[in-house]
Amino acid sequence: MRNMMRNMFLALGIALLAAATTGTAEAALPAPATAPVAAVSPGGDAIVGIAAPVTVTFAAPVGNRARAERAIHVNAAAPAPVAGSFAWRNDHQVVWTPTGFLPANTHFTVSAGPAHTDFTTNSGTRAEGNISAHTFTVYVPGQSARTMSASMGKPAHPTPTGTFSVLEKDRTIIFDSRTIGIPLSSPEGYYLKGEYAERLTWSGVFVHSAPWSVGQQGHSNVSHGCINLSPSDAAWYYNNVSMGDPVTIN
């Protein structure tokens, strides 16, 4: 009986020690920290369009995405928070997109944890592409609307509809069908130099100069999803568009 009682107390002591040790270890674990911010754009007093997204790039993979999002704030100069939504491009980078358009000619501040930057919206330049009418119309405040003939995506490669933001501008660029999954050996394959290009999606939709489709512009859709313009129209748009300007396709 004495041995039995001793064994019971020994087992109880070991269990209590294990529980205490486990509890202490769990209490000592710090809450997962958000990785340091490596970059925020737009910034540096940039002037951007009214659909400009805010991109926050972290120095390391982010495990707790909800916590990282809660640390990001976009405010108008008033100050007032601006409605928007988050989408993660990868484990290092999140993009905040405004709900609707940002107010024109307004200063904004952005904070992402300890990182701070700011930007200002322009007067509200925007564009609209009409797939069935084969037109691309640009509205620059203070100027008459400019409607240009365009050719958009063929049935096998339709141009996506919706509102997009100009993400990049390239005076010259290489268009390679392999980036959208079409081998160069395919009858649909291509590898060519483009000019006056504005990126609308990271999947490869651009507005750009397309001298090879001038005959179809205004009449039929023959592209692989991009918005084809004549060289002169594409150059004009390139010189009048800003990063973050909205382009609505319908």
Side-chain angles (χ1 to χ4, degrees), residues 47-53 97 100-102 104 121-182 184 186-250:
I47 298 176
V48 298
I50 56 176
T97 302
F101 294 151
L102 298 170
T121 51
N122 62 19
S123 56
T125 296
R126 61 185 179 86
E128 294 181 3
N130 190 307
I131 295 174
S132 57
H134 316 294
T135 58
F136 188 73
T137 303
V138 181
Y139 303 88
V140 179
Q143 300 182 26
S144 299
R146 176 166 173 148
T147 298
M148 298 168 270
S149 297
S151 182
M152 302 186 202
K154 63 182 75 175
H157 302 280
T159 300
T161 58
T163 298
F164 306 89
S165 173
V166 172
L167 302 173
E168 293 178 345
K169 290 178 61 178
D170 294 287
R171 176 59 182 81
T172 61
I173 190 172
I174 295 296
F175 293 121
D176 185 341
S177 64
R178 291 172 294 184
T179 63
I180 60 172
I182 303 175
L184 294 181
S186 166
E188 292 283 320
Y190 55 86
Y191 185 90
L192 46 85
K193 179 181 178 180
E195 294 189 292
Y196 301 112
E198 294 80 31
R199 179 187 287 276
L200 301 185
T201 73
W202 295 114
S203 59
V205 176
F206 291 81
V207 181
H208 63 85
S209 172
W212 53 85
S213 70
V214 168
Q216 289 78 36
Q217 292 167 21
H219 305 288
S220 59
N221 294 319
V222 298
S223 82
H224 287 79
C226 290
I227 301 170
N228 287 184
L229 301 177
S230 71
S232 59
D233 283 339
W236 180 89
Y237 184 56
Y238 180 88
N239 290 326
N240 285 275
V241 70
S242 298
M243 300 282 288
D245 281 348
V247 177
T248 300
I249 309 297
N250 49 53

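Along the sequence shown, residues are numbered consecutively beginning with 1.
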> What are the two closest heavy atoms between P231 and V214, and how far apart are they?
Replying inline: CD-CG2, 4.1 Å
> With no hydrogens and no angle check, is any side-chain donor or acceptor of T159 less than 3.5 Å from a backbone partner on G153?
Replying inline: yes
> Nearest heavy-atom pair of S165 and G244: which atoms, and what distance?
Replying inline: OG-CA, 3.2 Å
> Out of curiosity, L200 CG to I227 CD1, how far, rounded to the nearest 0.5 Å?
Replying inline: 5.5 Å
>> Nearest 0.5 angstrom please: F206 CZ to N228 CG, how far?
In response: 12.5 Å
> Quick check: does any side chain N or O of S151 sit under 3.5 Å from a backbone N or O of S220, one acting as donor and the other as acceptor?
Replying inline: yes
> Between atom OG of S209 and atom CD1 of I173, what is the distance when rounded to the nearest 0.5 Å?
Replying inline: 12.5 Å
>> As an exercise, state the distance from CD of Q216 to NZ of K154, rounded to the nearest 0.5 Å.
In response: 10.0 Å
> Going from OG1 on T125 to CD on Q143, what distance comes out if it is rounded to the nearest 0.5 angstrom?
Replying inline: 7.5 Å
> Is the shortest heavy-atom distance from the side chain of T97 to the side chain of P53 under 4.5 Å?
Replying inline: yes
> Which heavy atom in A197 sits nearest to a heavy atom in F175, and how many Å separate them?
Replying inline: CB-CZ, 4.2 Å
>> Tell me whether K169 contacts the main-chain N or O of M243 through its side chain, where contact means a donor paired with an acceptor under 3.5 Å.
In response: no
> Under a 4.0 Å N-O cut-off, is there an ion pair linking R126 with E128?
Replying inline: yes
>> Ignoring hydrogens and geometry beyond distance, is a side-chain donor-acceptor pair present between N240 and D245 at under 3.5 Å?
In response: no
> Could you walk me through whether F101 and T163 pass the side-chain contact (heavy atoms from CB on, under 4.5 Å) check?
Replying inline: CA-CA 10 Å; F101 294 151; T163 298; 3.9 Å; yes
> Does a donor on one side chain and an acceptor on the other come within less than 3.5 Å for S132 and N130?
Replying inline: yes
> Hey, do the aromatic rings of Y190 and H224 have their centres closer than 6.0 Å?
Replying inline: yes
> Can any side-chain N or O of H157 pair as donor or acceptor with the backbone N or O of G225 at less than 3.5 Å?
Replying inline: no
> Less than 4.5 Å apart, any side-chain heavy atom of P246 and any of I50?
Replying inline: yes
> Going through the checks in order, is the side-chain contact (heavy atoms from CB on, under 4.5 Å) test met by W202 and E168?
Replying inline: CA-CA 10 Å; W202 295 114; E168 293 178 345; 3.3 Å; yes
> If you count the non-hydrogen atoms of other residues, nucleotides and ligands that lie under 6.0 Å from CD1 in I182, is the total more than 12?
Replying inline: yes
> Should Y237 and V138 count as side-chain neighbours, where that means a heavy-atom distance under 4.5 Å?
Replying inline: yes
> Does a donor on one side chain sit under 3.5 Å from an acceptor on the other, for Q217 and S213?
Replying inline: yes
> From H134 NE2 over to S149 OG, what is the distance, rounded to the nearest 0.5 angstrom?
Replying inline: 10.0 Å
>> T172 vs K193, test: side-chain contact (heavy atoms from CB on, under 4.5 Å). Steps then yes/no.
In response: CA-CA 7 Å; T172 61; K193 179 181 178 180; 3.8 Å; yes
> T201 and S203: side-chain donor and acceptor closer than 3.5 Å?
Replying inline: yes
>> Quick one, H208 with E198, criterion side-chain contact (heavy atoms from CB on, under 4.5 Å). Give me CA distance, side-chain angles, the key distance, then yes/no.
In response: CA-CA 6 Å; H208 63 85; E198 294 80 31; 5.8 Å; no
